[in-house]
Number of protein chains: 2
Amino acid sequence: MGTTGQLSTVPEPKYWHLRTVLLRAIETEFTTGQILPNERELSARFGVARATLRQALDQLELEGRLVRRRGIGTLIAAPRVGVPVNRHEEGWPGTARSQAWRIVDCTTAPATPQLAKTLGVAEGVTVHTVRRVRMVQGQNMATESLHVPAAALPHLPGFRAESDRARSVLRQLERLEVDGESRSVELGVAEAAEAALLERPPGSPVLVMTTQYAAAGRLVAIAVSTYRADTCKLTFGETGLVEVTPVAASSEVRSAS
Amino acid sequence: MGTTGQLSTVPEPKYWHLRTVLLRAIETEFTTGQILPNERELSARFGVARATLRQALDQLELEGRLVRRRGIGTLIAAPRVGVPVNRHEEGWPGTARSQAWRIVDCTTAPATPQLAKTLGVAEGVTVHTVRRVRMVQGQNMATESLHVPAAALPHLPGFRAESDRARSVLRQLERLEVDGESRSVELGVAEAAEAALLERPPGSPVLVMTTQYAAAGRLVAIAVSTYRADTCKLTFGETGLVEVTPVAASSEVRSAS
DNA sequence: GAGTGGTCTAGACCACCGA
DNA sequence: CGGTGGTCTAGACCACTCA
């Protein structure tokens, strides 16, 4: 019905058509880990400039279908890893498989205006910040900055070595009865610091998850987690249902009807 | 010497430095909706090729800071809109402000192999697919394909007009006691069909949310939702906590210490 | 050193928008 | 119409990896 005639639409850009062609090739003729022909050969084979070919590869990389390694080549990416982000499974310190998180550093400093506003505390109030990295399948998948107002942890022992203080903060947080959490997810790019921890170049796409933790009706902590968008699929499972097979684009599912 | 000190780190790429400079300018000298100087002037002003400038703008657009409109110019983007994705708030048909969803079409067809596998049904089983569009603040923010095996809706009335059938499917689904849902979120790009519905060019970044709905321990529906990544921030709120002020990159928060 | 992807250039033409 | 962003080209040089 409402189908806008394909007739009136301008010819598809070359790079988009290329992407589609390459995607089909990836799905039918290549397997995970395999190396594509190099960019100069591909661009010659398709009769386009290298920049145009790269535009197509950029798209496929954003979709998580390709991984490009300097000095090596362009590889078929493995399917994205489903990463659970439930508090009681993996998202909260000390619970279950918490060894997946590695503490990077820990600072205790007055809240910046921005952070104070986000935490709902007065500017300059002391805030503990624990930064850690999440490893999944041997890879750094995410970095997280956990911000906790010192006032929320009344029984924190005195000064210690940085790593000990980090552990103390996490332990104290565990003891609080966290009774609510609110999350948001949006697209971002990795700045220099995160990029280094994630072993990716600056500007790499990431999924930024912001989690607010509440205890006794008050906000006690905020975590800003940065997940690699190329290899991660965040999973919010209440109960373990069937595992999700990638359905690809919904339009593809539909178009098969 | 051969030492790998920070000294030897390669100079930052021009486009990345440009991005940082422009980001600072955006935050300090411009306000939402304002138009940046055009690309040719900016590239001249910074002494780089237009392609290099565009690479910087691409990054900022991916971060949701800029919107580019052909024939108009490059505008400062409004902050991302927090879009609730709770079943009981907005994510489920018929509940509360469901008028935010507009039905596009509805098909009833045998399941493709891929869809059958995802739904956990036999291939070729009849499946209803309702496609709809979610509007927020007057804009199309997401498209969704809701797949429901016909067997899960035993009391569906006979043949009807397409829009009536769509409504029947949604109504029937409401009556089921949905007792669990499992979600996943990953990065994707809009294919032609979604792109048109979202009023964006093909290849635009999107957040793909896949939701499995269970009733009586069985999987009764799967929804594949495609949210505009440029303007959306998905919010998974259990309880209405404080609204999340964008914390920006976690590293920025830290670096202020 | 040979081969790879990453960056950058200078220029061209196109599709779209508003006056 | 003139101005905007979108696409595409042909070429150059660099940083990285591996043999």
Side-chain angles (χ1 to χ4, degrees), chain A residues 7-20 22 33-62 65-77 189-190 195 199-204 230, chain B residues 2 4 6-20 22 33-62 65-77 189-190 195 199-205 230:
Chain A
L7 309 170
S8 65
T9 55
V10 191
E12 209 177 32
K14 279 189 187 176
Y15 78 89
W16 184 255
H17 180 247
L18 247 185
R19 168 209 166 263
T20 306
L22 288 170
Q34 218 173 336
I35 304 186
L36 253 57
N38 72 57
E39 297 183 350
R40 288 162 181 88
E41 180 182 336
L42 281 177
S43 57
R45 184 182 303 181
F46 288 105
V48 300
R50 192 178 154 217
T52 303
L53 173 79
R54 280 181 61 79
Q55 223 176 329
L57 296 182
D58 286 344
Q59 288 282 341
L60 292 167
E61 195 178 26
L62 200 63
R65 310 300 297 249
L66 294 179
V67 179
R68 291 194 274 188
R69 295 206 202 139
R70 200 199 303 236
I72 305 287
T74 302
L75 312 140
I76 310 296
V189 306
E199 298 160 333
R200 297 254 60 199
S204 303
D230 57 344
Chain B
T4 62
Q6 298 266 344
L7 309 169
S8 70
T9 54
V10 191
E12 207 177 33
K14 280 189 187 176
Y15 78 89
W16 185 254
H17 180 246
L18 247 185
R19 167 208 167 266
T20 306
L22 288 170
Q34 217 173 338
I35 304 185
L36 253 57
N38 71 57
E39 297 183 350
R40 286 161 182 89
E41 179 181 338
L42 281 177
S43 57
R45 184 183 302 181
F46 289 105
V48 300
R50 191 178 155 218
T52 303
L53 172 81
R54 281 182 59 80
Q55 223 176 330
L57 296 181
D58 286 343
Q59 287 282 342
L60 291 167
E61 195 178 24
L62 200 63
R65 310 300 298 250
L66 295 179
V67 179
R68 293 193 273 187
R69 294 204 201 141
R70 193 182 338 215
I72 306 287
T74 302
L75 313 150
I76 310 296
V189 305
E199 298 161 334
R200 297 255 61 200
S204 304
D230 57 344

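Sequence lines set the chain letters: A, B, ... in the order given, protein chains first and strands last, and positions in each chain run from 1.
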Of all residues at least two apart in sequence or in a different chain, which pass the side-chain contact (heavy atoms from CB on, under 4.5 Å) check with B:Leu75?
B:Ile35, B:Arg69
How far does the helix from C:dG1-D:dC18 to C:dG18-D:dC1 bend, going by the axes of its first and last five pairs, to the nearest 10°?
10°
Partner set under salt bridge (charged side-chain N to carboxylate O under 4.0 Å, His left out) for A:Glu199, not counting sequence neighbours
none
B:Leu42 CG to D:dG3 C1', straight-line distance once rounded to whole Å:
14 Å
Phosphate OP1/OP2 of D:dG3: any B:Asn38 side-chain N/O under 4.0 Å
no
At what distance, to the nearest 0.5 angstrom, does CZ of B:Arg40 lie from CG of B:Leu53?
11.0 Å
With sequence neighbours excluded, tell me which residues meet side-chain hydrogen bond (donor to acceptor under 3.5 Å, both in side chains) with A:Asn38.
none
Is the distance from OP1 or OP2 of D:dG5 to the nearest side-chain N or O of B:Thr74 less than 4.0 Å?
yes
Nearest-angstrom distance from the residue atom CG of B:Leu57 to P of D:dT4
14 Å
Pull out every protein N or O sitting under 3.5 Å from an N or O of nucleotides 6-9 of chain C, one pair per line with the distance.
from: C:dG6; atom 1: OP2; to: A:Arg54; atom 2: NH1; distance (Å): 2.7
from: C:dG6; atom 1: OP2; to: A:Arg54; atom 2: NH2; distance (Å): 3.2
from: C:dG6; atom 1: N7; to: A:Arg50; atom 2: NH2; distance (Å): 2.8
from: C:dG6; atom 1: O6; to: A:Arg50; atom 2: NH1; distance (Å): 3.1
from: C:dT7; atom 1: OP1; to: B:Tyr15; atom 2: OH; distance (Å): 3.1
from: C:dC8; atom 1: OP1; to: B:Lys14; atom 2: N; distance (Å): 2.3
from: C:dC8; atom 1: OP2; to: B:Tyr15; atom 2: N; distance (Å): 3.3
from: C:dT9; atom 1: OP1; to: B:Lys14; atom 2: NZ; distance (Å): 3.0
from: C:dT9; atom 1: OP2; to: B:Ala49; atom 2: N; distance (Å): 2.8
from: C:dT9; atom 1: OP2; to: B:Thr52; atom 2: OG1; distance (Å): 2.5

Round to the nearest Å and state the distance from A:Leu36 atom CG to C:dG3 atom P.
19 Å
In whole Å, I'd like the distance from the CG atom of A:Leu75 to the C1' atom of D:dT17.
13 Å
Test side-chain contact (heavy atoms from CB on, under 4.5 Å) applied to B:Gln55 - qualifying residues, sequence neighbours left out:
B:Tyr15
side-chain hydrogen bond (donor to acceptor under 3.5 Å, both in side chains) involving B:Glu39 - partner list, sequence neighbours excluded
B:Arg50, B:Arg54, B:Arg68
Listed partners of B:Ala77 passing side-chain contact (heavy atoms from CB on, under 4.5 Å), at least two apart:
B:Val67
Can you confirm whether B:Phe46 sits close enough to B:Lys14 that some side-chain heavy atom of one is under 4.5 Å from a side-chain heavy atom of the other?
no
